[in-house]
Amino acid sequence: ATIENRARRELELGRRALAPRPAEGKIGTSKAEKRVFSLMESSSRRSLDELVEEALKPLAPPRRRVLLQKLLRLEPENGRLILQLAETAAQGKDKTAVFELIARAERRSRDLDEELRLIGLYRRLQAPKRASSRLDRLAARFPKDVRLQLMRAELAIRSNRPSEALLLL
């Protein structure tokens, strides 16, 4: 019963986020926006975050950014939505906005997947020290995760520290 209630709540939040607002014109009329609605209605077990992520993939970054900002107005503490917005912003030239969004996302509690996405953003923004420090903390929390060790070794090689990379492998 709780899964169904959560799915209904997420569906309603998604509909409200994409609902037309008088000042903004019609929302929900483009193919991509209709796809958002159909994906949201297609599965009650998937989270809103996953549905939004899948539905927004085909959109151009400016349109994706607008829709994510609308969703964040409804759920301002949603770390996954903040990360999606940061990833979208990283495709542009405003690195300051990206780092502000990353700082906002870092304050939220995250699972391993979200931590890896943050590290990916740091790597994309060519901030290897930040990526490395987050990766080191993650590796301490999950010492048996081979992916983390490989990522640490790769970062060490890219940072011109081959001897450290060899120790990690």
Exercise. When rounded to the nearest 0.5 angstrom, what is the spacing between CG in Leu150 and CG in Leu155?
Worked result: 11.5 Å
Exercise. Please, which pairs that meet salt bridge (Lys or Arg N to Asp or Glu O under 4.0 Å) have at least one residue in residues 160-169, sequence neighbours excluded?
Worked result: Arg161-Glu164
Exercise. Could you go step by step and tell me if Leu138 and Leu116 meet the side-chain contact (heavy atoms from CB on, under 4.5 Å) rule?
Worked result: CA-CA 9 Å; Leu138 264 185; Leu116 292 173; 4.2 Å; yes
Exercise. Between Ile102 and Leu83, is any pair of side-chain heavy atoms under 4.5 Å apart?
Worked result: no
Problem set entry | side-chain hydrogen bond (donor to acceptor under 3.5 Å, both in side chains) against Asn160, all qualifying residues, sequence neighbours excluded | none
Please output the side-chain donor-acceptor pairs of residues 120-130 that fall under 3.5 Å, not counting sequence neighbours, one pair per line with the distance.
from: Tyr122; atom 1: OH; to: Glu106; atom 2: OE2; distance (Å): 2.4
from: Arg123; atom 1: NH2; to: Glu154; atom 2: OE1; distance (Å): 2.9
from: Arg123; atom 1: NH2; to: Glu154; atom 2: OE2; distance (Å): 2.7

Problem set entry | Asp136 CG to Arg141 CZ distance, which is reported to the nearest 0.5 Å | 13.5 Å
Seminar exercise, completed: So CD1 of Ile119 and CZ of Arg152: to nearest 0.5 Å the spacing works out to 10.5 Å
Exercise. Of all residues at least two apart in sequence or in a different chain, which pass the side-chain hydrogen bond (donor to acceptor under 3.5 Å, both in side chains) check with Gln69?
Worked result: none
Problem set entry | Common cluster, Val98/Ile82, ILVMFWY with side-chain heavy-atom separation under 4.5 Å | no
For this session: Drop me the distance from Glu114's CD to Gln84's CD, to the nearest 0.5 angstrom.
Result: 9.5 Å
Exercise. With the 4.5 Å side-chain cut-off for hydrophobic clustering, are Ile157 and Leu166 part of the same group?
Worked result: no
For this session: Can you see which heavy atom on Gln149 is nearest to which on Ala139, and at what distance?
Result: NE2-CB, 3.8 Å
Seminar exercise, completed: Between Gln91 and Pro61, the two heavy atoms sitting closest are OE1-CG, 3.0 Å
Exercise. Out of curiosity, Glu87 CD to Leu118 CG, how far, rounded to the nearest 0.5 Å?
Worked result: 8.5 Å
Problem set entry | Partners passing side-chain hydrogen bond (donor to acceptor under 3.5 Å, both in side chains) against Glu115 (at least two apart in sequence or in another chain) | Arg110, Arg134
For this session: Name all residues meeting the side-chain hydrogen bond (donor to acceptor under 3.5 Å, both in side chains) criterion together with Arg137; count only those two or more places apart in sequence or in a different chain, and write none if there are none.
Result: none
Exercise. Which distance, rounded to the nearest 0.5 Å, do you find between the CE of Met151 and the CG of Asp145?
Worked result: 9.5 Å
For this session: Take Leu72 and Arg104, measure what side-chain contact (heavy atoms from CB on, under 4.5 Å) needs, and give me the verdict at the end.
Result: CA-CA 12 Å; Leu72 274 170; Arg104 189 174 161 196; 4.2 Å; yes
